[in-house]
Amino acid sequence: MFPEYDVIVVGAGHAGCEAAAAAANLGSKTLLVTMNMQTIAQMSCNPAMGGIAKGQIVREIDAMGGYSGIVTDLSTIQFRMLNRSKGPAMWSPRAQNDRMLFSLKWREMLEQTPNLDFYQDMVKGLLINDGRCEGVITGLGHEIKARSVVLTNGTFLNGVVHIGEKNFGGGRMAEKAATGITEQLVSLGFESDRLKTGTPPRVDGRSLDYSKMEEQPGDDEVTGFSFQDIEKPKTQRSCWITYTSQKVHDILKTGFDRSPMFAGRIDGVGPRYCPSIEDKINRFSERERHQLFIEPEGWSTVEIYVNGFSTSLPEEVQYEALRNIVGFENVKMFRPGYAIEYDFFPPTQLNYSLETKLIKNLFFAGQINGTTGYEEAACQGLMAGINAHQNVKQFEPMILKRSDAYIGVLIDDLISKGTQEPYRMFTSRAEFRTLLRQDNADLRLTELSYNLGLASQERMDRVADKKAGVEKIKSVLQGFAVEPAEINPFFDNISSSPILEKQKAQKILLRPDVEITDMLQALPRLQAELGSVSKETLEQAAIQVKYDIYIEKEKELVQRMAQLEELEIPVTFDYKKISSLGNEAREKLSRIRPRTLGQASRISGINPSDVQILMVFMGR
């Protein structure tokens, strides 16, 4: 019934969709197995993509030829560039999406992808032979052979849904859990643990009084995520802001004795940076109110997502608390919030390719590795799909360094440090964030992906044109002399000190209060010399000019760090024989088995003296 596949991807969430698309587009005969074909690329929680650091990840996925950025742009109902008041390294795109349209567009794109087949069934086990994964076993008893398998099980592995004192098996509300895989992997020597996440109630937007809330419209300019030309929405839907109150908190506290979190019915650790409302009022008891974002679920639905009100308290407590929020006095609840507890596998058990150390040809991506968030899952799926294909073709894996991409930071953090709580990406996790901006993801990554065979010729041509355009603008700015008489009126308008003699345009642009678009309006002669230039290319050139000193300093730091990355540690290196290393260092190095001294230096608990000892024993 089934042919032998090059790659089987288990699970069709954000990680699974990107993995299947990447492997198939690279030429591997790929099968995507999902328990429900109707929930491909489901936005299980909030109807949004991007945000702080997450937006950078989506742009990186797009630059490499992944689908998340395109699908996001095709289903955007509101777009905002966050942190515009800060430097470009902090700018982070975020989109509200039409939940149903997002899933539909993902499925359409996958169905149009060559080399990709679909099958609806639960995977209950893996075909393992002599330490190698050779396929999957489905709930209907089918054995499907493959040369590589990617597991992207999300919250479905032995998932348990909690609402107050009620709990039942499930990977999402009204969807059954997946069983069998955890038990098999543990029997093979894998370590597993439990994590928890949650979601807020969904409510009827017709029952809300928006006049009592603060409107949050989208940006006037919709930049979007994809570096390709995708039509932007002509109109946008607003979000709204309201707040909890002390009365709301008091009502919520009446359900604490029936809370699965406080009653000890949940063992898994929840996300630190996206806590439930009961966790917030328990941990931050001094706060009289918490902000809530009221987010529409799409263009043509009245369903509303109450961002900031994630909870697993009893339904009647949730409802009574909601009714006491400003603007929610007559609220109708579509469905209650709930918590979900699920299995994950500490990611220190993986290689940088996301292939497991214990079983060859087996890759993990997404929440199975302890991450939280669509974007974190999607980028792991992309890399796992690429490397599953590379594995089949017996090519070298594609590994992004911390200095290459936020994707590289995320994977290195997981492999080197592991995680005891759902991992979420932040700009602060990236030490080279001046280099890893959302605006230059294509310049950083498209050529790498193109050489691999994933990014298209069209993408590569666009990058080449952008590079040439940026260099031309920088060259013109460097050589263009500005007369005091033509620029000083502009300086007067922005309360900036005038110049007394000719000055190069490049130097003028270095002023913190001067933006390149405003400067060009003030200097028609310069505008004429530059000619027709896209706003994206103009902005990129301006960033490179303004932040040149910081960018060069960061590049020097990358080069210094690269020296440690080049010092490879032999696979057979026996850390236990080095008595000068402490017990913690020996135990962690033996368990994680870092690939390089650079990776060893980033393992939690390894200090600089441990690295120096390793260098001595390696003859360095």
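Basis for what follows: all heavy atoms, side chains included, without hydrogens, waters or symmetry-related copies.
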Sequence neighbours excluded, the answer for side chain to side chain donor-acceptor pair (under 3.5 Å) partners of Thr244 is His249
Worksheet entry | Set of residues satisfying side chain to side chain donor-acceptor pair (under 3.5 Å) with respect to Gln540, sequence neighbours excluded |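 Only Arg437, Asp439, Gln544 meet the side chain to side chain donor-acceptor pair (under 3.5 Å) criterion with Gln540.
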Does a sphere of radius 6.0 Å around NZ in Lys401 hold more than 12 heavy atoms from other residues, nucleotides or ligands, not counting ones at 6.0 Å or beyond? no
Quick test of your reading of the model: are [X] and [Y] salt-bridged, counting only N-O distances below 4.0 Å?
{"X": "Lys553", "Y": "Glu556", "value": "no"}
{"X": "Glu431", "Y": "Arg402", "value": "yes"}
{"X": "Arg602", "Y": "Asp412", "value": "yes"}
{"X": "Glu231", "Y": "Lys234", "value": "yes"}
{"X": "Arg94", "Y": "Glu295", "value": "yes"}
{"X": "Glu539", "Y": "Arg84", "value": "yes"}
{"X": "Glu565", "Y": "Arg595", "value": "no"}
{"X": "Lys535", "Y": "Glu221", "value": "yes"}
{"X": "Asp442", "Y": "Arg459", "value": "no"}

**Asked** Can a donor-acceptor pair be found between the side chains of Ser238 and Glu215 at a distance below 3.5 Å?
**Response**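 Glu215 and Ser238 do have a side-chain donor-acceptor pair below 3.5 Å.
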(message) Hydrogens and angles aside, do Asp73 and Ser226 bring a side-chain donor and acceptor to less than 3.5 Å of each other?
(response)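 The criterion, which ignores hydrogens and geometry beyond distance, is not satisfied for Ser226 and Asp73.
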Mind listing the side-chain donor-acceptor pairs of residues 499-517 below 3.5 Å, one per line with the distance, residues two or more places apart or on another chain?
{"unit_1": "Lys504", "atom_1": "NZ", "unit_2": "Gly479", "atom_2": "O", "d": "3.4"}
{"unit_1": "Arg511", "atom_1": "NH1", "unit_2": "Ser496", "atom_2": "OG", "d": "2.7"}
{"unit_1": "Arg511", "atom_1": "NH1", "unit_2": "Ser497", "atom_2": "O", "d": "2.6"}
{"unit_1": "Arg511", "atom_1": "NH2", "unit_2": "Ser497", "atom_2": "O", "d": "3.1"}
{"unit_1": "Asp513", "atom_1": "OD2", "unit_2": "Ser496", "atom_2": "OG", "d": "3.2"}

Contacts of Tyr243 meeting ring pair (Phe, Tyr, Trp, His ring centres under 6.0 Å) (sequence neighbours excluded), chain-then-number -> none
Residue set satisfying ring pair (Phe, Tyr, Trp, His ring centres under 6.0 Å) with Trp91, at least two apart, ordered chain then number -> none
- Query: Do any N or O atoms from the side chain of Thr301 and from the backbone of Glu297 form a donor-acceptor pair under 3.5 angstrom?
  - Reply: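 Not confirmed, Thr301 side chain does not pair with Glu297 backbone.
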- Aromatic ring proximity, centroids under 6.0 angstrom, Phe102 and His14: yes
Exercise for review: Would you verify whether the NZ or CZ of Arg429 falls within 45 degrees of the ring axis of Phe426 while also being under 6.0 Å from that six-membered ring's centre?
Suggested key: no
For Asp461 and Tyr450: C-alpha separation, side-chain torsions, deciding distance, then whether side chain to side chain donor-acceptor pair (under 3.5 Å) applies.
CA-CA 10 Å; Asp461 291 344; Tyr450 173 75; over 6 Å; no
Taking every heavy atom of Cys379 against every heavy atom of Ile407, the minimum-distance pair comes out as CB-CG1, 3.7 Å
Taken in chain and number order and not counting sequence neighbours, the residues that satisfy side-chain contact (heavy atoms from CB on, under 4.5 Å) with Asp229 are Arg462
